Amino acid sequence: MRNKIMGAIGAIWGALIVANGILGERAGGSSAYEAGQGIGIALGAIMLFAGLYYFFKKPDEPKK
């Protein structure tokens, strides 16, 4: 159950980061700042997909 909750939180947080990066205002002027924004969007996408993976992953069977 803990993996489902943490997966949902990660998926929502990652989706918000990606949405803000796509819909938000773009940085201008500094290429380092623009690169940081790109890395942030990439990490948000990774968080989104990892969260979805753990949310939809079937629980492991208990060992007997």
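Fair warning: this is a prediction, and the values are worked out from it, not measured in the lab.
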For L16, check side chain to side chain contact (heavy atoms under 4.5 Å, CB included) against everything at least two apart and list the hits.
I12

Side chain to side chain contact (heavy atoms under 4.5 Å, CB included) assessment of M6 paired with Y54
CA-CA 8 Å; M6 296 303 283; Y54 280 106; over 6 Å; no

Closest non-hydrogen atom pair between K4 and F55, with its separation
NZ-O, 2.7 Å

Under the side chain to side chain contact (heavy atoms under 4.5 Å, CB included) test, which residues partner I41, sequence neighbours left out?
R26

Under the side chain to side chain contact (heavy atoms under 4.5 Å, CB included) test, residues paired with L43 that sit two or more places apart
I39, I46

Do L23 and V18 belong to the same hydrophobic cluster, where Ile, Leu, Val, Met, Phe, Trp and Tyr are linked whenever their side-chain heavy atoms lie under 4.5 Å apart, directly or via other members?
yes

Say you draw a straight line from OH of Y53 to CG of N3; how long is it, rounded to the nearest 0.5 Å?
9.5 Å

Is there a path of hydrophobic side-chain contacts, each under 4.5 Å between heavy atoms, that joins F56 and I5?
no

If I take atom NZ from residue K57 and atom CG from residue L52, how far apart are they, to the nearest 0.5 angstrom?
14.5 Å

